[in-house]
Amino acid sequence: MKIVVLAGGLSPERDVSLSSGALISNALIENGHDVMLLDLYFGDCSDIEPVYRNNKSDFRYSYSISEQEPDLEKIKHAVDNNGSLIGKGVIEHCKAADIVFMALHGAQGENGQLQAVFDLYGIKYTGSGYAGSLLAMDKDLSKRMMRDNGILTADWQYINVRNDNDLSKIKFPCVVKPCSCGSSVGVALVENESQLNAAVESAKVYEDFVVIEDKIEGREFSVGILNGKALPPIEIRPLNGFYDYKNKYQAGLTEEICPADITEEMCSILQKSALDVHKALRLGFYSRVDFILDENNNAYCLEANTLPGMTPTSLLPQEAAAIGITYKQLCNLIATGE
């Protein structure tokens, strides 16, 4: 197959996406496909040459994630796209491919906008469609859908940080999250009013809307969904602080246990809840759903990820490996359905 692996873009999660994209591309090349790694924002102007690679050569892609989020203003001014978030040649390359492997994270890659554009062009792509992508990316909408479907999630408030100045009813401790960011970008744990005001100010860097939810104390888990089935839960234990951007993507900062050391009953509860979330949000071939398990074994859903990280050490590939699916097999399964 001719596969375009689409990554990068103008998103705070750009580096994570390019790292995933490089490794996905290498796995697909090793599976015998013709593969082009393409930057959504830079397109033909990228340093990554937009040509197809295959296993007839020794060429392999590589990309490392820095500790800090990328400077999007600098990236925005590096190439003139006339205000477009889609770079030169991207649509043409994607139309010419058999399928586009969506290796994007955040922004237009996960909020349904790009999926809707591809639908209009008849471009085939991996992951969820535009409706599921929108519902999962918007934390307020997804939590409303969870509540409507009887799925446990923490109480929250949805706030426009430009207009809503009354934060007097917020309970502490709480968690402040930009409404439509992933990879814990802009997330802050808040214990008091001073921290709350600082967190809300910081959130303005990313978007105008935030979700402020009650902080649930407990163990953190994630459950992948692959082709309609729940994978073994993985437990996430940051060595310091919480599971933020740095702890997620810098080696050695988080302990990840898969399969998680929990009872069969608890495993079944987490897997069923993950499937319920996946179905409620109308998600596609695969996803990953995150939970906090409190001291009373109540599983609170944090969010669903329509395009979870896809480095070999990311959570979904680890869960697939626990049932004997290698990283190379997983990439091929997502791309081909076989």
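If you're wondering where the values come from, they're calculated on a predicted model, not measured in any experiment. Counting begins at 1 with the first residue of the sequence.
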Kindly say whether [Y] contributes a backbone atom to a donor-acceptor pair with the side chain of [X] at under 3.5 angstrom?
X    : Y    : answer
D98  : K2   : yes
Q157 : E213 : no
E110 : L307 : yes
S11  : H105 : yes
E235 : D261 : no
S287 : T306 : no
D80  : N82  : yes
D294 : N298 : yes
R14  : G9   : yes
N31  : A27  : yes

Linking I/L/V/M/F/W/Y whenever any side-chain heavy atoms sit under 4.5 Å apart, do [X] and [Y] land together?
X    : Y    : result
L283 : L231 : no
M102 : I48  : yes
I123 : V5   : yes
L302 : I212 : no
L114 : M36  : yes

Could you measure the distance from the [atom1] atom of [X] to the [atom2] atom of [Y]? Nearest 0.5 Å is fine.
X    : Y    : atom1 : atom2 : answer
M137 : E303 : CE    : CD    : 8.5 Å
I151 : K272 : CD1   : NZ    : 8.0 Å
N305 : S222 : CG    : OG    : 6.5 Å
N197 : N192 : CG    : CG    : 9.0 Å
N297 : L270 : CG    : CG    : 9.0 Å
L40  : L18  : CG    : CG    : 10.0 Å

With side chain to side chain contact (heavy atoms under 4.5 Å, CB included) as the test, would you mind laying out the steps for L10 and N81 before giving the verdict? CA-CA 11 Å; L10 196 65; N81 283 342; over 6 Å; no
Give the minimum heavy-atom separation between [X] and [Y], together with the two atoms involved.
X   : Y    : result
E73 : H77  : O-ND1, 2.7 Å
D15 : I65  : O-CG1, 3.7 Å
I24 : M310 : CD1-CB, 3.5 Å
L28 : C331 : CD2-O, 3.7 Å

Can K56 and D34 be counted as an ion pair, charged N to O under 4.0 angstrom? no
Salt-bridge test for E92 and K95: reply yes if a basic N is under 4.0 Å from a carboxylate O, no otherwise. no
Using the ring-ring contact (aromatic ring centres under 6.0 Å, His included) rule, collect all pairs that involve residues 276-333, keeping only residues at least two apart or in two chains. none
In short, ring-ring contact (aromatic ring centres under 6.0 Å, His included) pairs touching residues 13-60 with sequence neighbours left out are F59-Y61
Checking side chain to side chain contact (heavy atoms under 4.5 Å, CB included) against L226, which of I323, L316, L333 comes through? L333
Test side chain to side chain contact (heavy atoms under 4.5 Å, CB included) applied to L281 and S142, step by step: CA-CA 7 Å; L281 299 181; S142 61; 4.1 Å; yes
Salt bridge (charged side-chain N to carboxylate O under 4.0 Å, His left out) assessment of D148 paired with R144: CA-CA 6 Å; D148 288 346; R144 289 174 187 270; over 6 Å; no
Say whether [X] and [Y], considering side chains only, have a donor N or O and an acceptor N or O under 3.5 Å apart.
X    : Y    : answer
D138 : S180 : no
S314 : T311 : yes
N149 : D276 : no

For the residue pair F118 and Y125, categorise the inter-ring angle as parallel (less than 30°), tilted (30 to 60°) or perpendicular (more than 60°). tilted
Other residues, nucleotides and ligands only: do more than 12 of their heavy atoms fall within 6.0 Å of CD on E193? no
Tell me if the CZ atom of R282 is crowded by more than 12 foreign heavy atoms within 6.0 Å. no
Can you check salt bridge (charged side-chain N to carboxylate O under 4.0 Å, His left out) on K177 and D140, steps first, answer last? CA-CA 10 Å; K177 302 177 178 180; D140 178 58; over 6 Å; no
